[in-house]
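First comes the structure, then the notes that go with it.
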Amino acid sequence: MPGTKICILGSGNWGSSIAKIIGRNVRSSDRFSPVVNMWVYEEMINGRKLTEIINTEHENVKYLPGHKLPENVVALPDVTEAVKGAKLLVFVTPHQFLNSLCEKIKSHIADGAIGISLIKGIDEGPDGLQLISDVIRKELEIEVSVLMGANIASEVADEKFCETTIGATNQASGLIFKELLQTPNFRITVVQESDTVELCGALKNIVAVGAGFCDGLGFGDNTKAAVIRLGLMEMVAFARLFCKGQVSSNTFLESCGVADLITTCYGGRNRKVAEAFVKTSKSIAELEAEMLNGQKLQGPQTSAEIYKILQKKEMVDKFPLFASVYQICFEGKEAKKFITCLQDHPEHM
C-alpha cells in the first residue's frame, strides 16, 4: 500500500520550519508517502524563482535562511497541483489569504482528506467571529484539527526543545498528526477541546500587544506579569463566552495556553511591533511593513474582531485589556493610558 500523501499549504518561516520536521519524519515511517508537497507563493529573489531555489538548494532563503530543508520536500507554485492526491493537509498560510486559497483548491481535494491548521488568528464570520478551522471546514467540507503552542519558528527550526498542543475532536486524527509532527525536541499533547486550543492561539496575540506597550513605556517585568495574568483571565472568560462546548481550565495549562502566552509576551512579533509603536510616531501598518519582512501581524487585527463582538454583547467593560489594546491601535487612545486598564481591572474591584 502506498503511504498517505501530505501537502503543506504555506512556506513562511513557520511553514518552512514545519516542512523541515515533516520531511524528516515521513522518511522514517511507512505510513506516509516519502515525498511532501509544499505550496509556495511564488516570488522572485535576486532574479530567481523562490520555488526553484528551494528545489535546487533546499533552503527557503527569504523566510528561513540558514536552514536546509529535506530534499523530499518539493516546492510547488501551483496550489491545485500541490494538493492533488493529498490526504493530510497542513495549513500554515497567513490567514488573510485563506479564503481565496480554499476557493482555488476545493474542487481538487482528495476524498477522505483531513486537515490541521497551524494558523494563529481569527476571521470575521456571520456572528462576528469565526475560527480559522471553521473557515476551512465550511469551505472544503473536511475534518480539521489545530496545532497551537509556544513555538517560535526559528527555535523550532533550530531544534531547541519545545512543546505544542494539538486540538482534535477526533482523537484518531489527532494521533495521526502527532505521529507526523512529533520529534524528540517537538513534543505534542493531544486534547479534545479544539476550539479552546485555537482561540488561545489567537487571543494571546492581543495580550502580547499589551506586553509590548509595557516595554515601550518602560514599565518593567512586574507590570508585564500583571498584563500576562490579567490577559489570561480575559482569554479564559472570552473562551467560555464564545465556545459552544466545555472549556476546562486544564487546556489553558497546556502549551497552547499559558506557555504560548508567556513566550509571545517576551518574544514574538506582536510584542516587538507594539513596543516600536509606543516609541515611534508610526502606525501599525507602517511598522509591519518595515519590521516583518512580508509577514503579517495578528494581534491588532484580532483585537478589532474581538472588540466588535464585545460591543454587540455589551460586554466591553468586562474585557478592559482587550478593549484598551484595540482603542490604542485603532482609535487614537494614548498608549500611556494603557496602565489604567490594569489599575481599574474588574479583577481588582
Side-chain angles (χ1 to χ4, degrees), residues 12-14 17-18 63-64 118-121 147-165 185-187 189 197-236 238-239 251-280 284 287-288 290-293 295-303 306 320-322 324-326 328-329 335-336 338-339 341-343 345 347:
N13 63 347
W14 188 211
S17 300
I18 286 298
Y63 296 110
L64 198 67
L118 281 63
I119 303 167
K120 291 181 177 176
L147 180 146
M148 304 283 149
N151 309 139
I152 291 172
S154 58
E155 293 185 15
V156 174
D158 285 336
E159 297 175 48
K160 293 175 179 171
F161 179 85
C162 69
E163 301 174 311
T164 198
T165 311
N185 284 326
F186 191 65
R187 307 308 291 178
T189 304
V197 170
E198 185 169 6
L199 211 47
C200 282
L203 297 178
K204 55 95 191 186
N205 285 326
I206 305 177
V207 186
V209 173
F213 292 159
C214 283
D215 290 340
L217 294 161
F219 284 159
D221 284 340
N222 291 342
T223 311
K224 195 191 278 195
V227 169
I228 292 170
R229 189 187 78 82
L230 294 168
L232 181 61
M233 300 292 286
E234 292 192 15
M235 286 169 62
V236 173
F238 189 86
T251 303
F252 290 89
L253 298 176
E254 297 292 346
S255 182
C256 62
V258 68
D260 195 11
L261 179 61
I262 291 167
T263 300
T264 313
C265 286
Y266 279 93
R269 66 186 84 149
N270 288 281
R271 188 219 62 80
K272 184 170 75 170
V273 173
E275 180 181 11
F277 178 76
V278 173
K279 289 181 171 177
T280 70
I284 291 285
L287 292 166
E288 185 180 66
E290 277 177 29
M291 298 173 69
L292 297 184
N293 190 30
Q295 295 176 294
K296 294 294 179 187
L297 201 63
Q298 303 291 6
Q301 189 54 45
T302 303
S303 76
I306 296 299
L321 193 149
F322 286 177
S324 193
V325 167
Y326 166 76
I328 291 166
C329 287
K336 66 184 179 186
F338 180 66
I339 194 74
C341 84
L342 310 178
Q343 294 166 331
H345 202 280
E347 269 286 289

Taken to the nearest 0.5 Å, the spacing of N151 CG from T264 OG1 works out to 9.5 Å
Measure across I119 and M148 and return the closest heavy-atom pair with its distance rounded to 0.1 Å.
O-CE, 3.3 Å
Side-chain donor/acceptor of T165 to backbone N/O of C256, under 3.5 Å:
yes
Main-chain N/O of A150 paired to S255 side chain as donor or acceptor, under 3.5 Å:
yes
Donor-acceptor pair, distance only, cut-off 3.5 Å: does the side chain of K120 make one with the backbone of G149?
yes
Spacing of CD belonging to E275 relative to CG belonging to L287, to within rounding of 0.5 Å
11.0 Å
Sub-3.5 Å donor-acceptor pair from the side chain of N185 to the main-chain atoms of E159, do we have one?
yes
Among side-chain atoms of N205 and T302, is any donor-acceptor pair under 3.5 angstrom?
no
Ring-plane angle category for F213 and F338, please: parallel below 30°, perpendicular beyond 60°, tilted otherwise.
perpendicular
Provide the closest heavy-atom pair for A239 versus L199 in the form atom of the first, atom of the second, distance.
CA-CD2, 3.6 Å
For the student: nearest non-hydrogen atoms of G231 and V207, plus distance
CA-CG2, 3.8 Å
Separation between OG (S17) and CD1 (I152), nearest 0.5 Å, reads 11.0 Å
For F322, does its backbone N or O pair with a side-chain atom of E234 as donor and acceptor, under 3.5 Å?
yes
Would you compute the distance between atom OG of S303 and atom CD1 of I284 and round it to the nearest 0.5 angstrom?
8.5 Å
Carefully, step by step, assess V156 and W14 under the rule side chain to side chain contact (heavy atoms under 4.5 Å, CB included).
CA-CA 9 Å; V156 174; W14 188 211; 3.9 Å; yes
Hey, is the main chain of C214 close enough, under 3.5 Å, to the side chain of K224 for a donor-acceptor pair?
no
Please find the pair of heavy atoms, one from G257 and one from C200, that lie closest to each other, and give the distance.
CA-SG, 4.0 Å
When rounded to the nearest 0.5 angstrom, what distance separates OH in Y326 from CG in L321?
16.0 Å
Please answer whether the main-chain N or O of L230 pairs with a side-chain N or O of E347 as donor and acceptor at a distance below 3.5 Å.
no
Spacing of F238 atom CZ and I306 atom CD1 [to the nearest 0.5 Å]
3.5 Å
Is the backbone N or O of L297 less than 3.5 Å from a side-chain atom of E288, with the two atoms forming a donor-acceptor pair by type?
yes
For L253 and V258, which heavy atoms make the closest approach, and how far apart are they?
CA-CG1, 4.3 Å
What's the shortest heavy-atom distance between G121 and Q298, and which atoms?
CA-OE1, 4.5 Å
T223 and its side-chain contact (heavy atoms from CB on, under 4.5 Å) partner, picked from L217, D215, I228, L342:
L342
